Amino acid sequence: MTLRVIQWATGTVGKHAIAAVHDHPDLELVGVYVYSEAKAGLDAGDIAGIAPLGVLATRDIEEILAIDADCVLYMPQGEMNPPGAVEDICRLLASGKNVISTAVTSLIYPLSLGQDVVDQLEQACAQGSTSFHATGIEPGWAAEILPLTISPLLSRTESILVQELMDYSTYDSRDMVFDIMGFGKHPDEPVIMAEPAMAKVVFSAPLMLLADGLGATIDDYVFHREVAVAPEAFDTKVGRIEAGTVSAQRFSLTAIVEGRPALTVEHITRMRADQAPDWPEGRGWRVTIEGTPSMTMDAVISTNGEDEVDQGCLGTAMHAVHAIPPVCAATPGIRTFLDLPLITGRHILRAAR
C-alpha cells in the first residue's frame with residue numbers, strides 16, 4: 001500500500017525529505033506547506049531541486065488539512081516557538097493525519113515539555129485516530145538510538161557521554177547560527193543557547209528518554225557552556241565572524257543519576273575547522289561509555305568529502321522518512337523510540353528511480 005505524505009516546510013531538511021519521499025517506492029507526495037510567499041504556488045520538485053512533481057506548494061493551512069493523507073512530515077524551525085508547533089501538530093493529528101516532526105527537540109520525549117503538552121498531543125491523536133513521533137539526528141538518533149543500541153552489551157555503566165562534533169560554517173540558517181547559538185556574538189552577549197533554562201528545555205528530552213529506556217531516574221541537571229573567539233575575521237555561508245567574537249563553542253547538559261553525572265549530551269561546534277584546536281575534534285558523533293565493558297563508538301559522516309552539515313540534514317530527513325511506515329502502522333498516541341519497532345532503511349539498496 002502506498003502511503004500519502006505531506007511535506008510541511010521546505011528548508012534544507014524539508015527539501016531532502018521531498019526528494020526522498022518521491023524516490024521511495026511505498027510513498028507518494030501529495031501536498032507541501034511553505035511559509036514564504038515566494039515559494040507559494042511553486043512545484044515541489046522545483047523547490048527541492050529535482051524534476052517537477054506536479055504538487056504545488058501552498059501557504060493555506062486549511063488546504064493542507066483538507067488533503068487526504070496518511071502522514072505529515074512537520075519540519076519547520078520550531079525551537080523559537082514550541083507552543084505554536086504543538087498547536088500545528090495537534091491540528092494535523094486531529095484531522096486524521098499521522099505526524100512525524102523534526103521541528104522541536106523536546107518533542108522527542110514530550111513529557112519534557114510538561115504533562116499539559118502530553119495531554120494535548122494524546123487528545124489530538126485520539127480525535128484523529130493517529131500517531132505522533134518526533135525524530136532527528138542529534139538529538140533524535142545519536143543521543144538516544146546509539147547508546148540504547150550499545151546498552152545490551154553492558155553489565156553496568158558509570159557514565160554515558162554523547163558528543164556531536166561539527167563544523168557549522170556551511171549551515172544555511174542565519175537565525176540558528178547567529179541568533180540561537182550565538183556565533184559571531186561577543187562572549188558575554190545574551191543568546192538563547194547560553195541560557196541554562198533553554199538548554200534544559202532543548203536537551204532534557206533525549207536524556208529523559210535515555211533514562212527511561214535504561215530504567216533510571218534523573219535527580220537533577222547540570223548545564224555547561226564555554227566559547228572560543230576568532231583571532232581574526234573570516235566569512236561563512238551565512239555571515240561574517242568578526243575577530244574577538246564567538247567562533248567555536250561547546251555546551252552540554254548532564255543528567256545526575258544516583259548522585260553522579262551519569263548521562264551527558266555535548267555539542268562541540270566550530271565555524272571553521274581550525275578554531276578551538278585544543279577541543280575534541282571529529283566530524284559526526286561519538287558515544288563514550290565508562291563502565292563494564294568500557295566502549296567508544298564513532299559515527300563519522302561525509303567520509304568521502306561531502307558537506308558534513310548538508311549530509312547531517314539529509315540524515316535527519318531520512319530518519320523521518322523511514323519512520324513513516326511504522327508510525328502509520330502504530331496504534332494511536334505518542335510514539336517515541338521506546339514505543340516503535342527498530343526503524344530501518346527499507347529499500348535503500350534499490351536503484352534510484
Side-chain angles (χ1 to χ4, degrees), residues 13 17 20 71-75 78-79 82 85-86 89 93 98-115 117-118 121-122 125 130-154 157 160-164 201-218 253 255 257 262-267 284-287 289 297 299 301 312-346 348:
V13 175
C71 187
V72 178
L73 295 176
Y74 185 81
M75 296 178 170
E79 300 292 3
V86 171
I89 290 167
L93 291 167
N98 300 289
V99 177
I100 298 170
S101 171
T102 63
V104 180
T105 299
S106 302
L107 290 175
I108 288 170
Y109 196 81
L111 188 58
S112 67
L113 287 173
Q115 187 62 46
V117 170
V118 171
L121 290 168
E122 289 287 9
C125 289
T130 49
S131 296
F132 171 71
H133 174 67
T135 185
I137 193 166
E138 172 48 13
W141 177 70
E144 306 88 351
I145 304 292
L146 288 186
L148 287 172
T149 301
I150 295 172
S151 66
L153 305 182
L154 305 176
T157 181
I160 298 174
L161 167 64
V162 182
Q163 295 170 301
E164 178 177 271
V201 168
V202 174
F203 292 106
S204 63
L207 295 175
M208 291 176 71
L209 187 146
L210 190 54
D212 187 357
L214 298 176
T217 300
I218 296 174
L253 189 69
V257 177
L263 306 171
T264 299
V265 176
E266 180 180 43
H267 283 227
W285 302 272
R286 180 172 299 148
V287 181
I289 308 287
M297 173 185 286
I301 199 166
C313 290
L314 172 60
T316 300
M318 294 311 308
H319 205 194
V321 170
H322 287 307
I324 293 172
V327 170
C328 289
T331 55
I334 296 169
R335 296 291 169 256
T336 73
F337 295 118
L338 300 177
D339 305 307
L340 293 174
L342 178 66
I343 296 171
T344 60
R346 191 168 177 82
I348 62 172

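The structure displayed is predicted, hence computed values, not measured ones.
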For a 4.5 angstrom cut-off between non-hydrogen side-chain atoms, does Glu144 reach Leu146? no
Interatomic distance, Ile160 atom CD1 to Ile289 atom CD1 [nearest 0.5 angstrom]: 4.0 Å
Begin with the C-alpha distance, continue with both residues' side-chain angles, and end with the deciding distance and a verdict on side chain to side chain contact (heavy atoms under 4.5 Å, CB included) for Val162 and Arg286. CA-CA 6 Å; Val162 182; Arg286 180 172 299 148; over 6 Å; no
Side chain to side chain contact (heavy atoms under 4.5 Å, CB included) evaluation trace for Leu107 with Leu121: CA-CA 10 Å; Leu107 290 175; Leu121 290 168; 4.1 Å; yes
Minimum heavy-atom separation for Asn98 to Ser131, with atom names? OD1-N, 2.8 Å
Would you give the length of the straight line joining atom SG of Cys313 to atom CE of Met75, rounded to the nearest 0.5 angstrom? 10.5 Å
Do Asp339 and Thr331 have side-chain heavy atoms sitting under 4.5 Å apart? no
Side chain to side chain, Thr130 and Pro332, heavy atoms closer than 4.5 Å: no
So, using salt bridge (Lys or Arg N to Asp or Glu O under 4.0 Å) as the criterion, who are the partners of Glu266 when residues are at least two apart? Arg250
If we only count heavy atoms from C-beta on, is the Thr344 to His322 side-chain gap below 4.5 Å? no
Aromatic centroids of Phe337 and His319 separated by under 6.0 Å: yes
For Leu111, which of Thr336, Val118, Asp212, Leu209 qualifies under side chain to side chain contact (heavy atoms under 4.5 Å, CB included)? Val118
Just verifying a value: how many Å separate Thr316 OG1 and Trp141 CH2, rounded to the nearest 0.5 Å? 10.5 Å
Treating Ser112 as the side-chain partner and Ser106 as the backbone partner, does any N or O pair qualify as donor plus acceptor under 3.5 Å? yes
Does Arg335 have any salt bridge (Lys or Arg N to Asp or Glu O under 4.0 Å) partners at least two apart in sequence or in another chain, and if so, which? none
Check against side chain to side chain contact (heavy atoms under 4.5 Å, CB included), Leu148 and Leu214: CA-CA 8 Å; Leu148 287 172; Leu214 298 176; 4.1 Å; yes
Restricting to non-hydrogen atoms, name the atom on Val202 and the atom on Thr105 that form the minimum distance, rounded to 0.1 Å. O-CG2, 2.9 Å
Any side-chain heavy atom of Arg346 within less than 4.5 Å of one from Pro325? no
For residues Thr102 and Leu73, determine if any side-chain heavy atom of one lies less than 4.5 Å from a side-chain heavy atom of the other. no
In Å and rounded to the nearest 0.5 Å, what is the CE to CD1 distance from Met208 to Ile218? 6.5 Å
Atom CE of Met318 and atom OG1 of Thr135: how far apart are they, to the nearest 0.5 Å? 11.5 Å
Taking every heavy atom of Ile108 against every heavy atom of Ala134, the minimum-distance pair comes out as N-CB, 3.6 Å
Here the pair of heavy atoms bringing Leu253 nearest to Phe203 is CD2-C, 3.7 Å
Within-4.5 Å side-chain heavy-atom neighbours: Ile324 and Ile100: yes
Looking at side-chain heavy atoms only, is the closest gap between Leu210 and Tyr109 below 4.5 Å? no
If you take all heavy atoms of Ala143 and Glu138, which pair is closest and at what distance? N-OE1, 3.0 Å
Phe132 to Pro110 - nearest heavy-atom pair and separation: CE2-CG, 4.4 Å
Residues Leu340, Val327; criterion side chain to side chain contact (heavy atoms under 4.5 Å, CB included); working and verdict: CA-CA 7 Å; Leu340 293 174; Val327 170; 3.9 Å; yes
Can you measure from CD1 (Ile301) to CD (Glu164) and round to the nearest 0.5 angstrom? 9.5 Å
